[in-house]
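Okay, structure first, notes after.
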Amino acid sequence: MKTVSIILLGILLCIPVFGMDKKLNVPKQNFTVCIDPGHQAKGNNKTEAIAPGSTQKKAKVSSGTTGIGTKKPEYEVNLEASLILKQLLEKEGITVVMTREDHNVNISNAERAQISNNNKADMTIRIHCDSIDNSEKTGVTILVPSDTSKYTQSIYAESQKYAEYLKEALISKDIQVNGIFKREDITGFNWSQVPVIILEMGFMSNWHEDKMLSSPEYQTKLMESVVDALRIYKNSPAE
Ligand SMILES: [Zn+2]
């Protein structure tokens with residue numbers, strides 16, 4: 001009887017102690033990143049609302065650009081870099097959700113945003129390449145949702161904060177950054193309920209940069225910057 005009482009007392013005393021111990025040791029590991037490799041093998045010109053409830057419409061998913069030198073389609077470069085990013089993030093213990101791991105898919109930009117929403121991603125990284133009618137133009141461009149649009153006001157601050165960390169991480173690796181630009185016209189931003197950025201990795205319309213964008217070494221350098229910035233973001237206080 002006495003032994004039973006001691007055991008019961010022990011259990012009663014231990015429960016709160018264990019409870020506290022557990023709370024103190026909860027690691028900040030519950031971090032999910034959604035990676036959206038831009039475009040797909042075939043664009044889809046059918047339209048969808050640019051934002052929830054909007055009458056303004058845009059193509060569900062455009063076909064993207066092609067390398068001036070490599071003749072490679074953008075969707076291939078985007079997925080190559082995204083798969084490197086996935087591997088790097090998983091090594092960090094971060095949960096990764098991919099919108100696609102295949103070229104032969106048909107997922108609209110609004111649907112891609114909903115994949116992030118459904119998975120309650122802490123950050124969405126959309127990987128793209130640029131193109132412009134000026135073969136001299138080079139460098140990375142970061143796009144963020146608008147702070148004035150009613151659709152994205154609530155996700156702007158966190159998106160912008162991450163974009164700034166990313167810019168610093170890229171510059172510290174001697175990568176040219178053209179700037180961070182707010183955009184109201186991007187379906188994948190307007191449907192997003194979680195922080196999101198687009199990383200335009202460089203210009204496929206520039207001969208040299210196009211070649212670099214297909215190099216696994218350069219892709220890795222870019223994606224390491226994304227991870228470095230996420231590491232800082234993950235440990236920063238919420239806005
Ligand atoms: Zn693109």
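Because the structure is predicted, anything quoted here is derived from the model rather than measured.
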Keeping the roles fixed (side chain from [X], backbone from [Y]), state whether a donor-acceptor pair exists under 3.5 Å.
X    : Y    : answer
E92  : V227 : no
N78  : G38  : yes
D102 : V105 : no
S192 : F189 : no
Q219 : L213 : yes
T152 : P145 : no
S54  : I50  : no
S149 : S146 : no
D228 : A169 : no
D210 : I68  : yes

| query | S108 and side-chain hydrogen bond (donor to acceptor under 3.5 Å, both in side chains): which partner among K60, K58, E48, Q40? | reply | E48
Please report the shortest heavy-atom distance between [X] and [Y], naming the atom on each side.
X    : Y    : result
A113 : G188 : CB-O, 3.6 Å
V77  : M204 : CG2-CE, 3.7 Å
T99  : I107 : O-CD1, 3.0 Å
P37  : R100 : O-NE, 2.9 Å
I197 : A163 : CG2-CB, 4.2 Å
Q153 : T148 : NE2-O, 3.7 Å

Measuring from atom [atom1] of [X] to atom [atom2] of [Y], what distance do you get when rounded to the nearest 0.5 angstrom?
X    : Y    : atom1 : atom2 : value
F203 : T138 : CZ    : OG1   : 7.5 Å
I115 : I35  : CD1   : CD1   : 12.5 Å
L85  : L222 : CG    : CG    : 10.5 Å
T141 : I132 : OG1   : CD1   : 8.5 Å
L170 : L199 : CG    : CG    : 6.5 Å
T187 : Q56  : OG1   : CD    : 8.5 Å

Could you see if [X] belongs to whatever hydrophobic cluster contains [Y]? Use Ile, Leu, Val, Met, Phe, Trp, Tyr and a side-chain cutoff under 4.5 Å.
X    : Y    : answer
M223 : Y165 : yes
V96  : I125 : yes
L83  : I198 : no
L89  : M201 : yes
M212 : L79  : yes

| field | CD/Q176: more than 12 non-hydrogen atoms of other groups inside 6.0 Å | value | yes
| field | Name of the residue among K167, E200, K137 meeting side chain to side chain contact (heavy atoms under 4.5 Å, CB included) with N178 | value |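 Of all the options given, the one that passes is K137.
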| request: Pick out which of N117, N119, D122, I155 makes a side chain to side chain contact (heavy atoms under 4.5 Å, CB included) with V194. | output: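 Looking at N117, N119, D122, I155, the match for V194 under the side chain to side chain contact (heavy atoms under 4.5 Å, CB included) is N117.
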| message | Determine whether E80 and K72 satisfy the following criterion, salt bridge (Lys or Arg N to Asp or Glu O under 4.0 Å), listing intermediate values before the conclusion. | response | CA-CA 12 Å; E80 284 169 4; K72 211 161 135 181; 2.9 Å; yes
| request: Begin from the C-alpha positions of V144 and F181 and carry the test side-chain contact (heavy atoms from CB on, under 4.5 Å) through to its verdict. | output: CA-CA 6 Å; V144 295; F181 300 95; over 6 Å; no
| Taking NZ, NE, NH1 and NH2 as the nitrogens, is one of them in K173 or E168 under 4.0 Å from a carboxylate oxygen of the other? |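 Salt bridge flag = no for E168 with K173.
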| Salt-bridge contact E158-K161 (side-chain N to carboxylate O under 4.0 Å) |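 Yes, E158 and K161 are salt-bridged.
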| query | Does a side-chain heavy-atom distance below 4.5 Å link V97 with V33? | reply | no
| field | Side chain to side chain, L166 and I142, heavy atoms closer than 4.5 Å | value |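 In contact.
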| said: Taking side chain to side chain donor-acceptor pair (under 3.5 Å) as the cut-off, I'd like each qualifying pair that reaches into residues 123-133, sequence neighbours left out, listed once. | reply: D36-R126, H39-H128, T65-S131, E74-H128, N109-R126, S116-T124
| query | Mind checking who shares a hydrophobic cluster with W191, ILVMFWY linked at side-chain heavy-atom distances under 4.5 Å? | reply |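 Grouped by the 4.5 Å side-chain rule, W191 forms a cluster of one, so the answer is none.
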| request: Starting from the C-alpha separation in whole Å, work towards a yes-or-no answer on side-chain contact (heavy atoms from CB on, under 4.5 Å) for K221 and I175. | output: CA-CA 9 Å; K221 197 172 165 184; I175 296 171; 4.1 Å; yes
| query | Who passes salt bridge (Lys or Arg N to Asp or Glu O under 4.0 Å) against E90, sequence neighbours left out? | reply | K86
| Verdict with reasoning, E101 to M98, per side-chain contact (heavy atoms from CB on, under 4.5 Å) | CA-CA 7 Å; E101 285 187 81; M98 302 287 291; 3.8 Å; yes
| request: Please report the C-alpha distance between Y162 and I232 in whole Å, then the side-chain angles of each, then the deciding distance to 0.1 Å, and finally whether the side-chain contact (heavy atoms from CB on, under 4.5 Å) criterion is met. | output: CA-CA 9 Å; Y162 174 70; I232 299 169; over 6 Å; no
